[in-house]
Amino acid sequence: MNDDTKTATGNDYRDTLFLPKTEFPMRGGLPKAEPKWIARWDEMRLYDRMREDAKKRGAKPFILHDGPPYANGPIHLGTAMNKILKDLVVRGHQMLGYDASYIPGWDCHGLPIEWKVEEEFRAKGRTKDDVPGDEFRRACRAYAEKWIEVQKQGFRRCGVEGDWDHPYLTMNYESEAATVREFLRVAMSGRLVRGSKPIMWSPVERTALAEAEVEYHDRKVPVIWVKFPVQGEDFSVVIWTTTPWTIPANQAVSFNPSISYGLYEVESVMNEEELGFAPFAKPGDKYVLADALAQSVMDSAKVSGFKRLQDVNPEGWTLTHPLHTLSDFYKHPIPMLAGDHVTDDAGTGFVHTAPAHGEDDFLVWIASGHKASDIRDIVNEDGVYEHPDLPDALQGLDIIRTSGKKRGEQGKANPEVMRLLTEAGNLLSRGVTTIRDAHSWRSKAPVIRRATPQWFISMDKPGANGAAPLRELALKALEDTGFTPPSGRNRITSMVADRPDWLISRQRNWGVPITLLVSPDGQPHTYALPEDKANEVNKRILDAIAAEGVEAWFSADAATFLDGIADPAGWEKVTDVLDVWFDSGTTHAFTLRDRGIIDENSGQADVYLEGSDQHRGWFQSSLLECCATRGMAPYKQVVTHGFIVDSEGKKMSKSLGNTVEPEQVANQFGIEILRLWTASSDFTEDLRISDDILKTNAESYRRLRNTLRYLLGALDGYSEAEAVDPADMPGLERWVLHRLAESDALVRKSYETFDYKRIMSAMLNFCGVDLSAIYFDIRKDSLYCDAPSDNRRKAARTVMSLVLERLVTWLAPIMPFTTEEAFLMSQFAGRADSVHLLTFPDTPKSWLDAAHAARWEKIFKVRRVVTGALEVERREKRIGASLEASPEVYIEDKTLIDAFEGESPADLFITSGAKLVHGEGPADAYRLEDTPGVAVVPAKASGVKCARSWKYFDPATADPEFPDITPRDAAAVRELRGAA
RNA sequence: GGGCCGGUAGCUCAGGUGGUUAGAGCGCACGCCUGAUAAGCGUGAGGUCGAUGGUUCAACUCCAUCUCGGCCCA
């Protein structure tokens with residue numbers, strides 16, 4: 001202690017002061033503390049207790065239905081953030097007074113797991129065909145279980161509260177049974193269709209793939225220009241394609257009537273010496289090309305000179321297949337089809353059309369009046385040419401290699417087709433290019449488009465009994481759904497409006513079976529049989545699955561389900577499984593409805609909350625499934641979050657080295673820092689994270705923690721008996737109550753609307769400015785020095801108690817660990833075993849007093865000028881602590897002076913004295929530009945320094961018994977001695 | 001290439017229907033305190049509101065184009 005702080009007598013009054021006293025440490029030690037709190041909550045069955053308490057309160061239910069993460073790997077920052085966000089929603093609503101239950105779930109079926117398990121079998125020398133279906137599915141189940149456990153521990157470590165002992169799993173037997181039940185319900189609704197259309201097909205995995213199962217990569221491919229001779233003319237239409245293997249399946253050529261076409265004649269070609277090869281084009285050849293592309297096609301064909309002969313209109317032409325010399329199979333006429341998908345941006349202005357192998361091709365084929373049944377399907381499930389009428393040269397060629405070291409590379413089909421085209425004289429040119437093309441998500445091998453029979457849920461077919469088409473139902477349901485952020489509605493609506501039929505069949509093992517029996521004439525039993533018979537069959541299927549699980553379907557034959565209902569002769573059992581999106585689309589049924597949480601037919605979850613990518617995923621699959629079965633959305637509200645990016649706004653990737661792992665954050669900072677980060681970010685957009693950003697949040701944490709600590713310290717020994725009625729409190733306390741009431745409204749509204757960043761910024765401001773910089777700083781003197789019986793001190797402690805009670809609950813959803821720690825050390829600990837069993841305390845509206853608050857804003861305005869003036873004194877070394885000053889404050893505006901009515905300006909300025917004077921003040925007084933009419937003349941406080949409160953005072957006023965302290969301090973010390 | 005969304009101080013965020021010198025907290029710099037002390041207080045410096053063009057008396061706020069980034073799709 002330096003000499004300046006010594007007082008005349010040197011008496012030490014320190015132990016007569018009421019300094020903050022608490023066991024609540026300044027630092028949280030979160031990484032170590034958090035797991036202990038989780039264990040404690042586990043032990044006390046906190047989640048169950050929350051449910052029981054809510055039921056006792058008669059609380060209104062609030063259901064956030066969990067979107068299931070896929071059970072095939074550890075959690076990462078994105079999944080952690082997703083679960084933390086859900087936890088904020090659930091805890092926030094629980095404390096708002098709702099019964100906010102939360103059942104976490106997992107998505108378990110599907111290709112990624114199946115692929116992984118296949119790999120494991122392969123490592124043991126067993127191929128997929130060696131492993132019986134049931135054994136394979138058991139292995140998949142075990143694989144999913146393993147990761148579910150890992151993820152569960154990860155999520156729990158994040159402080160996410162929920163029914164972890166009873167999660168939902170899409171692979172639970174009752175879930176699978178429910179999924180079958182839901183599927184049959186869709187089938188009976190009349191929306192199921194069997195179609196054959198080009199879909200993405202992976203020859204490597206021998207399966208159809210959905211959009212969600214493919215990814216796009218650059219790939220080097222051959223590019224060819226092919227001549228299609230026009231019948232009855234001496235010229236050819238030229239097409240361009242990067243899939244030579246589809247030429248044998250060509251059935252048409254498309255053009256666009258809005259493109260201008262011309263007939264071109266080759267005059268000269270580049271010579272063989274220059275090129276090293278002879279160009280295929282010959283002088284005199286005549287081609288039809290889009291005018292915009294003629295030059296580039298001629299360049300590619302190494303034509304050095306050409307002329308345009310005339311305008312042409314391709315409409316109505318019939319072409320000859322470029323391989324027509326090869327086989328009778330290619331003697332068929334090739335029509336010209338008009339289509340908007342043809343452009344003159346690239347290529348030739350004509351598009352070779354193989355309806356079995358392209359979405360556009362298929363559509364233009366059907367649109368021009370051709371039949372789906374006339375589509376030539378010459379590629380089998382291995383991606384190999386196979387058709388009885390195919391010429392021998394093509395039979396058995398593979399498009400993509402499906403095994404060995406070169407798996408995924410180009411097979412024999414492309415080169416052989418090019419060779420045959422050359423032989424036929426119809427190859428104009430060839431080259432190599434790079435395109436972005438679909439690849440299987442798992443094997444990374446390219447996929448092809450192939451027409452196969454598949455099951456679809458129709459978007460546009462009216463439902464049974466006159467029900468509206470699914471698309472119409474879904475669009476209507478979206479109108480009735482709330483969206484956070486609002487742009488989500490627009491996004492999902494346009495997707496639903498445009499989406500094709502839902503392809504739900506997969507030729508795989510690990511999934512819920514498509515429990516259909518197909519009649520001899522190709523109809524599913526749900527249509528082929530009369531409704532009552534179909535229902536009988538359905539009941540038999542459901543009973544079997546209820547008894548033995550889905551294996552009952554896989555192991556049975558069609559007769560098992562038909563005997564006695566229909567003649568099983570000629571019927572076939574479908575062996576496909578359902579798209580996993582169908583599983584996840586039914587989670588509302590087996591999680592919420594079957595458990596009695598919402599009504600079977602009319603119930604809805606309050607919120608579905610997922611990443612914005614789920615507009616095309618779970619939000620949509622759930623919407624479509626529920627609309628098909630119940631005519632409404634399964635949710636009232638959809639909340640979406642963005643994705644985590646680094647400090648530059650770039651997405652996280654291992655190759656960029658900018659990833660952050662949840663475990664690493666938990667160990668370095670504590671997971672609560674990640675929760676703080678989640679809460680303070682605008683989750684509706686992308687969320688930026690970096691080490692610096694986490695450090696900033698650790699600073700915020702410190703401020704919040706220290707505020708709690710100061711309150712706990714100041715409230716040492718406090719009890720309700722000390723409480724002062726607000727009416728008897730000083731103005732400053734009533735101002736704090738006003739701020740508390742304002743904050744209460746803000747906090748409640750923000751929790752209702754998921755606006756956590758607003759809570760964070762409000763709480764940080766409240767703790768940092770209102771409390772720490774203003775209220776605590778001013779009331780420190782009263783708290784430390786006033787007598788225990790002093791009304792001002794009691795009022796301060798009353799207010800602090802009210803503040804603590806609120807802070808600890810308002811922050812509990814965001815900081816469950818630290819608020820629990822503070823709560824259990826507070827005088828409120830007796831109210832409940834956990835802060836999480838409380839709701840936000842009622843905050844009387846009467847605390848709100850706008851006029852009073854306005855008055856205090858005036859006081860703070862003057863105060864800012866005073867602190868500014870003192871800063872100058874400090875800089876000039878005339879004072880150190882503000883108690884060494886006693887300023888004169890000149891105020892022109894009478895209303896500003898009136899604001900101080902009944903207050904002690906010196907206390908508010910934390911000076912030893914202060915004088916307010918109505919007037920302009922001397923010219924050299926300190927002024928602030930933005931506070932005109934206020935002038936401060938700083939002056940050193942006179943008198944001696946009180947040995948107890950360190951305030952300067954006139955010794956002549958001292959109590960004779962205590963000459964070295966102020967009369968206020970003397971009274972306090974006397975009271976203490978009397979009490980002792 | 002298409003659909004949707006976004007780019008405000010070093011960081012996280014505020015900025016109804018366009019209108020005086022664009023705000024807050026944190027961080028930073030400097031100073032104070034040493035009875036909240038690996039804390040607390042004060043003062044201060046930081047922004048061509050992604051860029052350009054336009055509408056307007058007036059634009060961070062409206063329109064267009066571009067750019068960067070994100071999600072989804074091709």
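Below, chains carry the letters A, B, ... as their sequence lines are ordered, and counting in each starts from 1.
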**Asked** Which residue, A/E871 or A/Q614, contacts RNA chain B at a nucleotide closer to its 5' end, judged by nearest heavy atom?
**Response** A/E871
**Prompt:** Base, sugar-phosphate, or nothing for A/K695, non-hydrogen atoms under 4.0 angstrom?
**Reply:** nothing
**Request:** Taking only the side-chain nitrogens and oxygens of A/R491, find out if one of them lies under 4.0 Å from OP1 or OP2 of B/rC73.
**Result:** no
**Prompt:** Does OP1 or OP2 of B/rA36 have a side-chain N or O of A/Y784 closer than 4.0 Å?
**Reply:** yes
**Request:** Side chain of A/T696 only, please: which of B/rG35, B/rC11, B/rC41 is the nearest?
**Result:** B/rC11
**Request:** With heavy atoms under 4.0 Å as the rule, sort A/D692 into base, sugar-phosphate or nothing.
**Result:** nothing
**Message:** Using a 4.0 Å heavy-atom cut-off, does A/S680 contact any base of the nucleic acid, only the sugar-phosphate backbone, or nothing at all?
**Reply:** sugar-phosphate
**Side-chain donor/acceptor of A/S772 to base of B/rA36, under 3.5 Å** = yes
**Fill in**
Assign each of A/D755 and A/R709 the nucleotide of RNA chain B bearing its closest heavy atom; nearer the 5' end lies the nucleotide of A/D755
**Prompt:** Pick one for B/rG23: is it syn, with its angle within 90° of 0, or anti?
**Reply:** anti
**Fill in**
A/L928 atom CG is separated from B/rG44 atom C1', nearest whole Å, by 12 Å
**Prompt:** Between A/R875 and A/E871, is there a side-chain N and carboxylate O pair less than 4.0 Å apart?
**Reply:** yes
**Prompt:** Can you tell me how far CG of A/D781 sits from CG of A/L883, rounded to the nearest 0.5 angstrom?
**Reply:** 7.5 Å
**Prompt:** Under 4.0 Å between a side-chain N or O of A/S882 and OP1 or OP2 of B/rC32?
**Reply:** no
**Message:** Run A/K940 and A/Y952 through side-chain contact (heavy atoms from CB on, under 4.5 Å) and show every step you take.
**Reply:** CA-CA 10 Å; A/K940 248 181 115 63; A/Y952 287 81; 6.0 Å; no
**Asked** Separation of A/K945 atom NZ from B/rC33 atom C1', in whole Å?
**Response** 10 Å
**Asked** From B/rC26, B/rU43, B/rA14, pick the nucleotide closest to the side chain of A/R875?
**Response** B/rU43
**Item:** Below 4.0 Å: OP1/OP2 of B/rA14 and any side-chain N or O of A/K757
**Value:** yes
**Message:** Measuring to OP1 and OP2 of B/rG31, would you say a side-chain N or O of A/R874 lies under 4.0 angstrom away?
**Reply:** no
**Complete:** Side-chain contact check for A/S681: nearest option of B/rU12, B/rG3, B/rC4 is B/rU12
**Message:** I need the CG-C1' distance between A/D781 and B/rC33, as an integer number of Å.
**Reply:** 15 Å
**Request:** Kindly say if A/R878 contacts the phosphate of B/rC32, meaning a side-chain N or O under 4.0 Å from OP1 or OP2.
**Result:** no
**Asked** Just checking A/M495: base, sugar-phosphate only, or nothing, at a heavy-atom cut-off of under 4.0 Å?
**Response** sugar-phosphate
**Request:** Determine, for A/F18 and A/R793, whether the Lys NZ or Arg CZ falls below 6.0 Å from the six-membered ring centre while staying within 45 degrees of the axis.
**Result:** yes
**Request:** Please report, rounded to the nearest Å, how far the P atom of B/rA74 is from the CG atom of A/D361.
**Result:** 15 Å
**Message:** Could you check whether A/R864 pairs with A/D930 (Lys NZ or Arg NE/NH1/NH2 to Asp/Glu carboxylate O, under 4.0 Å)?
**Reply:** no
**Request:** When you get a sec, tell me which of B/rG69, B/rA38, B/rC26 is the closest nucleotide to the side chain of A/M26?
**Result:** B/rA38
**Complete:** Regarding the side chain of A/F643, the nearest nucleotide among B/rC71, B/rU12, B/rG25 is B/rC71
**Item:** Span that lies between the C1' atom of B/rA14 and that of B/rA24, in whole angstrom
**Value:** 7 Å
**Request:** Grab the CZ-C1' distance between A/F483 and B/rC4 for me, whole Å please.
**Result:** 13 Å
**Message:** Closest approach to the side chain of A/R702, judged atom by atom: which nucleotide of B/rA36, B/rU43, B/rA39 is it?
**Reply:** B/rA39
**Asked** Looking for any heavy atom pair under 4.0 Å, which part of the strands does A/V769 touch: base, sugar-phosphate only, or nothing?
**Response** sugar-phosphate
**Prompt:** Given B/rA39, B/rC13, B/rC5, which nucleotide is nearest the side-chain atoms of A/D682?
**Reply:** B/rC13
**Message:** Under 4.0 Å, heavy atoms only, any strand: does A/I693 hit a base, just the sugar-phosphate, or nothing?
**Reply:** sugar-phosphate
**Asked** Strictly under 6.0 Å, is that where the ring centroids of A/F860 and A/W735 end up?
**Response** yes
**Message:** At less than 4.0 Å, is any side-chain N or O atom of A/K877 found next to OP1 or OP2 of B/rC32? Yes or no.
**Reply:** yes
**Message:** Under 4.0 Å between a side-chain nitrogen and a carboxylate oxygen: does that hold for A/R616 and A/D613?
**Reply:** no
**Prompt:** For the pair made of CG in A/L708 and P in B/rG40, what is the distance, rounded to whole Å?
**Reply:** 13 Å
**Asked** What distance, rounded to whole Å, do you find between the two C1' atoms, one in B/rG15 and one in B/rU8?
**Response** 9 Å
**Prompt:** Base, sugar-phosphate, or nothing: which does A/G649 touch, judged by heavy atoms less than 4.0 Å apart?
**Reply:** sugar-phosphate
**Message:** Over all strands shown, is A/G713 touching base, sugar-phosphate only, or nothing at heavy-atom distances under 4.0 angstrom?
**Reply:** nothing
**Prompt:** In whole angstrom, what separates A/K21's NZ from B/rU37's P?
**Reply:** 14 Å
**Complete:** Separation of B/rU12 atom P from A/L764 atom CG, nearest Å, is 14 Å
**Pair A/D790 + A/R797, salt bridge at N-O below 4.0 Å** = no
**Asked** Does A/K651 have a side-chain nitrogen or oxygen under 4.0 Å from the phosphate oxygens OP1 or OP2 of B/rC71?
**Response** yes
**Message:** Nearest to the A/N765 side chain among B/rG25, B/rA36, B/rC4, which nucleotide is it?
**Reply:** B/rG25
**Request:** Indicate, with a heavy-atom threshold strictly under 4.0 Å, whether A/S700 touches base, sugar-phosphate, or nothing.
**Result:** nothing
**Message:** Tell me whether the side-chain N/O atoms of A/R499 come closer than 4.0 Å to OP1 or OP2 in B/rC72.
**Reply:** no
**Prompt:** Under a 3.5 Å cutoff on both atom distances, Watson-Crick or G-U, what's the dot-bracket for RNA chain B ([ ] crossing, | other strand)?
**Reply:** (((((((..((((.....[...)))).(((((.......))))).....(((((..]....)))))))))))).
**Nearest-angstrom distance, P atom, B/rA59 to B/rG54** = 12 Å
**Asked** Is the NZ or CZ atom of A/R675 both under 6.0 Å from the centre of the six-membered ring of A/Y701 and within 45° of that ring's axis?
**Response** no
**Asked** With respect to the phosphate group of B/rC4, does any side-chain polar atom (N or O) of A/S612 fall under 4.0 Å of OP1 or OP2?
**Response** no
**Request:** Identify which nucleotide among B/rG70, B/rC26, B/rC73 has an atom closest to any side-chain atom of A/E699, counting heavy atoms from C-beta outward.
**Result:** B/rC26
**Request:** Report the nucleotide, chosen from B/rG35, B/rA39, B/rC73, that has the shortest atom-to-atom distance to any side-chain atom of A/C785.
**Result:** B/rG35
